[in-house]
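Here the structure is laid out as structure tokens; the discussion comes afterwards.
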There are 2 protein chains.
Amino acid sequence: MKDTRSDLVRLIKSGYCAPRIAGIAKRLRQPATTIHYNIKQMEREKVIRTYKAVFDYKKIDEGFCTYVLISLAPEEYADPERIAKELAKFEEVESVDVITGGWEIIVKIRTENIEAYYGFMRTVLTRRGIAKTTSLNSMRQLKSEFVEF
Amino acid sequence: MKDTRSDLVRLIKSGYCAPRIAGIAKRLRQPATTIHYNIKQMEREKVIRTYKAVFDYKKIDEGFCTYVLISLAPEEYADPERIAKELAKFEEVESVDVITGGWEIIVKIRTENIEAYYGFMRTVLTRRGIAKTTSLNSMRQLKSEFVEF
DNA sequence: ATGCTATTTGAATAATATTCAATATTTAAT
DNA sequence: ATTAAATATTGAATATTATTCAAATAGCAT
């Protein structure tokens, strides 16, 4: 058996999907061409960024979810985006925001389990510029990516 | 002009999309029927929960993004999910998690602006059971829903 | 090796997206 | 209010894509 599944997951995690125009048209009781026109317009204007799949993350070995609050070292205050951009590159990272409040960055991370998270933490969240981290572990996810569980 | 757009946004925000099998097949250099078989399997097994659109949220009047750390009142400790579930119902809420650490719940909220957020905060985040909230405003989003900006 | 089950695949069909041209609606200027 | 220009809606025709089906192949347990 080929391992098609992980390739598939990787692709549809952030793209390779499309709107179901016929279904939308039926639901909104409008001609498919009208729906098509409006959606293409939103795509052209970049209102829609992409289409993607949402997973049951436990079933794709990303069941362990953590929010990490990051305090930067003073020398990074001038440009918190530098580190934020670096963090965004990792596939384990679902989201990265530069924030106000007691911390500079919040990152949402999905790994298989606590060991994998510990590994990520040690290799990534200990780099120069990151002064301190606070991990908030998700024990239960009621909603994610606007999708209720 | 009909207001097709907001209907459209509402629908594709959490569904009414599908994988582009032909595109995936070409990319992975595999027959479309093989891709189709594997994807249908993942759908049956509920590995894939749904397909959805990702937006440039500023362009759909959801540009103001906040993470809220919630401390529950002691009488809610036994069942933090009760309140978490309630919060998940609001369309402004992107995600809700019950967490470990200094707070019980973390919520990600998207509103048009700070006034709309204030309104949400006053009506929703002040209900019985919620003892204290800490708002972390997103000043810049580098990644969201696994999609880099 | 044998049989059994799960997966892969190509050919045929069904369904859907897209294009195009015509019509209707909105917008802005006078 | 009238007009002209730009934008949006729509049905019919076409192109593309998903899906079904049957056959072939590969994996697995005994």
Side-chain angles (χ1 to χ4, degrees), chain A residues 1-63 91 112 145-148, chain B residues 1-63 91 112-113 144-148:
Chain A
M1 196 217 297
K2 299 168 193 166
D3 183 20
T4 303
R5 249 161 125 123
S6 56
D7 289 337
L8 232 33
V9 167
R10 187 171 37 78
L11 287 186
I12 64 180
K13 198 176 183 182
S14 61
Y16 283 91
C17 295
R20 299 195 301 101
I21 293 178
I24 297 167
K26 183 177 291 181
R27 168 65 189 275
L28 297 180
R29 299 159 194 273
Q30 295 214 329
T33 42
T34 302
I35 301 303
H36 180 262
Y37 176 87
N38 280 277
I39 284 187
K40 288 301 151 190
Q41 195 178 53
M42 286 200 278
E43 290 174 0
R44 247 185 297 111
E45 295 172 4
K46 312 277 191 197
V47 173
I48 295 170
R49 304 242 323 278
T50 191
Y51 304 94
K52 59 159 291 179
V54 176
F55 300 94
D56 183 334
Y57 292 99
K58 289 184 298 296
K59 292 179 180 166
I60 58 167
D61 297 337
E62 299 185 17
E91 62 172 7
E112 182 173 4
E145 298 167 80
F146 288 110
V147 179
E148 283 190 67
Chain B
M1 198 218 294
K2 298 166 194 168
D3 184 19
T4 303
R5 249 160 128 128
S6 54
D7 289 337
L8 233 33
V9 167
R10 188 171 35 79
L11 287 186
I12 65 179
K13 199 175 182 182
S14 61
Y16 283 91
C17 295
R20 298 194 302 99
I21 292 177
I24 296 167
K26 183 177 292 182
R27 169 65 190 277
L28 297 181
R29 299 160 193 273
Q30 295 215 329
T33 42
T34 302
I35 301 302
H36 180 262
Y37 176 87
N38 280 276
I39 285 187
K40 287 301 150 190
Q41 196 178 52
M42 287 201 277
E43 291 175 0
R44 245 184 299 111
E45 296 171 5
K46 311 277 191 197
V47 173
I48 296 170
R49 304 241 323 279
T50 191
Y51 305 95
K52 59 158 292 179
V54 176
F55 301 95
D56 183 334
Y57 292 99
K58 288 183 298 297
K59 294 180 179 165
I60 59 167
D61 297 337
E62 298 185 16
E91 61 172 9
E112 181 173 5
N113 50 39
S144 179
E145 297 168 81
F146 288 108
V147 180
E148 283 190 66

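Just so we're on the same page: letters track the sequence lines, and every chain starts at 1.
Rounded to an integer number of Å, the gap from CD of Gln30(B) to P of dG10(C) is 11 Å. The distance between atom NZ of Lys26(B) and atom P of dA18(D), rounded to the nearest whole Å, is 11 Å. Rounding to whole angstrom units, CZ of residue Arg5(A) and P of dA6(C) are separated by 13 Å. The interatomic distance linking Asn38(B) (CG) with dT9(C) (C1') rounds to 12 Å, in whole Å. Rounded to an integer number of Å, the gap from Asp3(A) CG to dT7(C) P is 12 Å. If you measure from atom CD1 of Ile35(A) to atom P of dA17(C), you get 11 Å, rounded to the nearest angstrom. Distance OH (Tyr37(B)) to P (dG27(D)): 13 Å, rounded to an integer number of Å. Per the geometry, CZ belonging to Arg29(B) stands 18 Å off P belonging to dT8(C), to the nearest Å.
For the pair Glu43(A) and Arg49(A), the salt-bridge criterion is not met [side-chain N within less than 4.0 Å of a carboxylate O]. With respect to Glu145(A) and Lys52(A), a salt bridge is recorded, a charged nitrogen being found less than 4.0 Å from a carboxylate O.
In the set dA11(C), dA18(D), dT19(C), dA18(D) carries the atom at the smallest distance from any side-chain atom of Ala22(B). Comparing dT8(C), dA12(D), dG10(C) by their closest approach to the side chain of Thr4(A) singles out dT8(C). Comparing dA17(C), dA18(D), dG11(D) by their closest approach to the side chain of Pro31(A) singles out dG11(D). When distances run from any side-chain atom of His36(B) to the nucleotides dT19(D), dG11(D), dA6(C), the shortest one goes to dT19(D).
Surrounding CD of Gln41(A) are more than 12 heavy atoms belonging to other residues, nucleotides or ligands, all under 6.0 Å away. The number of heavy-atom neighbours closer than 6.0 Å to CD of Glu148(A), taken from other residues, nucleotides and ligands shown, is above 12.
The side chain of Thr34(A) places an N or O atom within less than 4.0 Å of a non-bridging phosphate oxygen (OP1 or OP2) of dT10(D).
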Taking only distance into account, with no hydrogens and no angle test, what donor-acceptor pairs under 3.5 Å do side-chain atoms of residues 15-28 of chain B form with protein atoms, sequence neighbours excluded?
| residue | atom | partner | partner atom | Å |
| --- | --- | --- | --- | --- |
| Tyr16(B) | OH | Arg27(A) | NH1 | 3.2 |
| Arg27(B) | NH1 | Tyr16(A) | OH | 3.2 |

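With sequence neighbours excluded, the residues that form a side-chain contact (heavy atoms from CB on, under 4.5 Å) with Asp61(B) are Glu112(B).
Within residues 6-21 of chain B, the residues approached by DNA chain D to less than 4.0 Å at the level of any non-hydrogen atom are Pro19(B), Arg20(B), Ile21(B), in residue-number order.
Counting only distance, with no hydrogens or angles, the side chain of Thr50(A) and the backbone of Ser14(A) share a donor-acceptor pair below 3.5 Å.
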